[in-house]
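This report refers to the structure that appears directly beneath it.
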Amino acid sequence: GGAFAGGAATATDAGFAGNLATTGRGGGLYATQALVLSGARFVSNTAQQAGGGAYAGGAATAGGAAFERNRAVASSGGGLFVSAGAVIKDSAFTANTASAAGGGAFVGGDAEIDPTSFSGNAAALGGGLAVAGLWQRSARHHPILHPVQGRCCNYQSNRPSHRIGN
């Protein structure tokens with residue numbers, strides 16, 4: 001793929017485009033432990049396994065990140081694959097694909113998702129987002145919405161656009 005970190009990694013205002021992990025994970029970026037993304041952009045990356053755009057072997061935090069047209073060929077997390085829990089805020093997942101779960105993103109633990117958009121992603125299960133643990137979205141600044149918690153393995157399948165949070 002594009003970059004490999006044999007431990008925790010942080011990517012700030014970085015771009016990963018057109019990379020290919022021919023036999024493994026993390027087409028754009030592969031971190032074997034925790035991953036922190038701030039303003040990072042992943043475009044048209046491919047992984048033969050999980051994490052077409054990025055793969056985190058531990059927990060992940062993403063703020064202001066963009067995942068567009070990434071692909072996980074034989075697994076989950078077309079845009080982003082997180083092995084443990086994740087906090088995702090102010091990010092966008094657009095036109096990513098995975099053969100298994102989480103076309104936009106797959107989270108292997110609990111997840112907190114706050115204003116983040118999922119649009120045009122596709123997977124066998126959870127086209128936009130698949131979360132193996134509990135997930136929560138915040139309803140800050142949204143008097144009509146209430147915080148939502150629960151198990152999620154098939155959120156946002158085929159709608160053209162959906163925004164979580166405020």
Side-chain angles (χ1 to χ4, degrees), residues 1-11 14-89 91-113 116-135 151-158 162 164:
F4 174 79
T10 299
F16 301 86
N19 298 292
L20 172 64
T22 57
T23 60
R25 306 169 182 155
L29 173 62
Y30 181 172
T32 61
Q33 295 178 11
L35 179 61
V36 176
L37 302 172
S38 178
R41 186 170 176 179
F42 298 84
V43 180
S44 299
N45 298 288
T46 301
Q48 289 302 314
Q49 295 180 19
Y55 178 93
T61 301
F67 297 85
E68 303 169 21
R69 299 183 308 278
N70 299 289
R71 185 168 72 124
V73 176
S75 190
S76 300
L80 174 65
F81 183 99
V82 182
S83 295
V87 176
I88 302 170
K89 297 184 179 207
S91 296
F93 294 83
T94 308
N96 300 287
T97 60
S99 63
F106 174 87
V107 180
D110 295 345
E112 179 184 336
I113 314 290
T116 290
S117 65
F118 294 85
S119 179
N121 300 288
L125 180 64
L129 172 66
V131 178
L134 296 174
W135 72 285
R151 289 207 173 269
C152 172
C153 284
N154 195 16
Y155 179 76
Q156 180 32 44
S157 301
N158 295 310
H162 188 76
I164 297 177

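Side-chain atoms of S83 never come within 3.5 Å of backbone atoms of G58 as a donor-acceptor pair (strictly under, hydrogens ignored). Panel note: side chain T46, backbone G27; no donor-acceptor pair is recorded below 3.5 Å. A side-chain donor-acceptor contact under 3.5 Å links N121 to the backbone of F93. With hydrogens and angles ignored, the 3.5 Å screen pairs a side-chain donor or acceptor of N96 with a backbone N or O of N70.
Of all heavy-atom pairs between A34 and A31, the closest is O-CB, 4.1 Å. Heavy atoms only, all atoms of each residue included: A60 and A56 are closest at CB-CB, 4.1 Å. Contact between A124 and S99 at its shortest, heavy atoms only, is CB-O, 3.4 Å. In plain terms, the two heavy atoms of F106 and A132 that are nearest each other are CZ-CB, 4.5 Å. The shortest non-hydrogen separation linking A54 to F67 is CB-CE2, 4.3 Å. A14 and A11 get closest at one heavy-atom pair: CB-CB, 4.2 Å.
Counting heavy atoms from C-beta outward, R69 and V43 have side chains that approach closer than 4.5 Å. A 4.5 Å side-chain heavy-atom check between I88 and V82 finds every atom pair outside the cut-off. In this structure, the side chains of Q48 and V73 come closer than 4.5 Å at one or more pairs of heavy atoms. Between L37 and F42, the closest side-chain pair of non-hydrogen atoms falls below 4.5 Å.
Here the CZ atom belonging to R71 is positioned 11.5 Å from the CG atom belonging to N45, to the nearest 0.5 angstrom. To the nearest 0.5 angstrom, N19 atom CG is 12.0 Å from T22 atom OG1.
Residues passing the side-chain hydrogen bond (donor to acceptor under 3.5 Å, both in side chains) test with Q49, sequence neighbours excluded: none. Residues forming a ring-ring contact (aromatic ring centres under 6.0 Å, His included) with Y30 (at least two apart in sequence, or on another chain): F4, Y55.
Under the salt bridge (Lys or Arg N to Asp or Glu O under 4.0 Å) criterion, the residue pairs touching residues 30-53 are R41-E68, with sequence neighbours excluded.
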